[in-house]
Amino acid sequence: MASFLQIPDAAKGHDLNLFCVPKHYEEDLERVIIPHGIIMDRTERLARDIMRDMGGHHIVALCVLKGGYKFFADLLDYIKALNQNSDKSVPLTVDFIRLKSYCNDQSTNSVKVFGGDELSTLTGKDIVETGRTMQTLLSLLNGYQPKMVKVVSLLVKRTPKSLGYRPDYIGFEVPDRFLVGYALDYNEYFRDLSHICVLNENGKEKYKV
């Protein structure tokens with residue numbers, strides 16, 4: 001089973017006043033649940049675990065946009081640093097795909113896939129994928145017969161709606177609350193927030209579509 005840092009359901013998080021939060025979001029957030037520095041440290045450890053496990057295989061790193069782009073970029077920075085400062089390194093290429101499954105704070109129970117026109121290049125490759133909505137994407141990827149697929153997710157939410165799927169690498173297991181920041185959005189807002197925070201009812205109403 002993948003190791004992860006568990007954020008308990010009873011965790012209160014941290015007061016917004018203790019961190020640098022954009023002024024325009026101060027009334028829209030409850031608490032900071034995962035500060036940016038902790039995100040970065042955990043991401044570095046995930047990069048080390050991936051490099052340890054992948055051996056000398058050619059990795060195609062596939063980013064799920066848009067919510068995964070910050071984690072993806074930071075994870076790749078750590079992997080590249082390990083490649084440059086170690087006796088062992090792996091060839092690394094990148095690609096991007098976009099999945100959409102939310103309207104406001106509710107899942108639509110359907111996943112729209114955007115992109116993927118060039119996914120035929122994944123045939124026979126090892127894929128490290130980062131993101132949240134997996135079943136549709138995994139089904140698509142397996143159609144191209146990659147050599148191996150490993151999924152990295154910064155967050156896994158504890159929720160009764162879960163179908164039981166667990167990524168191969170997990171950053172944090174978090175409570176069933178609507179989280180924003182570090183590129184996670186609510187109707188395209190809050191991607192510019194460095195920390196992962198809990199969205200309050202005022203924020204949900206203000207940015208509702």
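Throughout, residue positions are numbered sequentially from 1 according to the sequence presented.
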Arg31 CZ to Lys12 NZ distance, which is reported to the nearest 0.5 Å: 8.0 Å
Checking Tyr69 against Phe96 for the ring-ring contact (aromatic ring centres under 6.0 Å, His included) test, could you report, in this order, the C-alpha distance in whole Å, the side-chain angles of both residues, the deciding distance, and whether it holds? CA-CA 9 Å; Tyr69 84 85; Phe96 302 88; 9.7 Å; no
Considering non-hydrogen atoms only, spot the tightest contact between Glu26 and Val21 and give its length. OE2-O, 4.1 Å
Could you list the donor-acceptor pairs under 3.5 angstrom formed by side chains in residues 46-53, with sequence neighbours left out?
{"residue": "Asp49", "atom": "OD1", "partner": "Arg45", "partner atom": "NE", "Å": "2.9"}
{"residue": "Asp49", "atom": "OD1", "partner": "Arg52", "partner atom": "NH1", "Å": "3.3"}
{"residue": "Asp53", "atom": "OD2", "partner": "Tyr169", "partner atom": "OH", "Å": "2.8"}

Evaluate Tyr189 against Tyr207 for ring-ring contact (aromatic ring centres under 6.0 Å, His included), listing each step before the verdict. CA-CA 8 Å; Tyr189 292 92; Tyr207 298 108; 4.1 Å; yes
Tell me whether His58 contacts the main-chain N or O of Pro91 through its side chain, where contact means a donor paired with an acceptor under 3.5 Å. no
Could you go through Ile7 and Ile33, starting from their C-alpha distance and side-chain angles, then the distance that decides it, and tell me whether this counts as side-chain contact (heavy atoms from CB on, under 4.5 Å)? CA-CA 8 Å; Ile7 309 296; Ile33 193 165; 3.9 Å; yes
Lys66 with Asp185: basic N within carboxylate O range, under 4.0 Å: no
Any side-chain to backbone donor/acceptor pair from Arg191 onto Leu184? Under 3.5 Å, distance only. no
Under the side-chain hydrogen bond (donor to acceptor under 3.5 Å, both in side chains) rule, collect the residues that match up with Asn200, sequence neighbours excluded. none
Looking only at heavy atoms, which two atoms of Ile170 and Arg42 are closest? And how far apart? O-NH2, 2.9 Å
If you compare all heavy atoms of Gly181 against all heavy atoms of Ile196, which two are closest, and at what distance to 0.1 Å? O-CG1, 4.1 Å
Set out, in order, the CA-CA distance, both residues' side-chain angles and the distance that settles side-chain hydrogen bond (donor to acceptor under 3.5 Å, both in side chains) for Asp192 and Tyr25, then state yes or no. CA-CA 10 Å; Asp192 54 334; Tyr25 290 147; 2.7 Å; yes
Is it true that atom CD of Gln6 has more than 12 heavy atoms of other residues, nucleotides or ligands lying nearer than 6.0 Å? yes
Report yes or no: is the cationic atom of Arg166 (NZ for Lys, CZ for Arg) closer than 6.0 Å to the six-membered ring centre of Phe4, at no more than 45° off its axis? yes
Just to verify, which of Val64, Thr43, Leu76 counts as forming a side-chain contact (heavy atoms from CB on, under 4.5 Å) with Phe71? Thr43
How far apart are the C-alpha atoms of Phe172 and Ile34, what are their side-chain angles, what is the distance that settles it, and do they pass the side-chain contact (heavy atoms from CB on, under 4.5 Å) test? CA-CA 9 Å; Phe172 304 88; Ile34 311 177; 3.7 Å; yes
Are the side chain of Asp176 and the backbone N or O of Pro160 linked by a donor-acceptor pair below 3.5 Å? no
Locate the shortest heavy-atom distance separating Pro167 from Ser153; write the atom from each residue and the value. CG-CB, 3.7 Å
Does a salt bridge link Glu30 with Arg177, judged by any charged N lying under 4.0 Å from a carboxylate O? yes
Would you sort out whether Val149 and Asn142 count as a side-chain contact (heavy atoms from CB on, under 4.5 Å), showing the intermediate values? CA-CA 8 Å; Val149 178; Asn142 286 329; 4.3 Å; yes
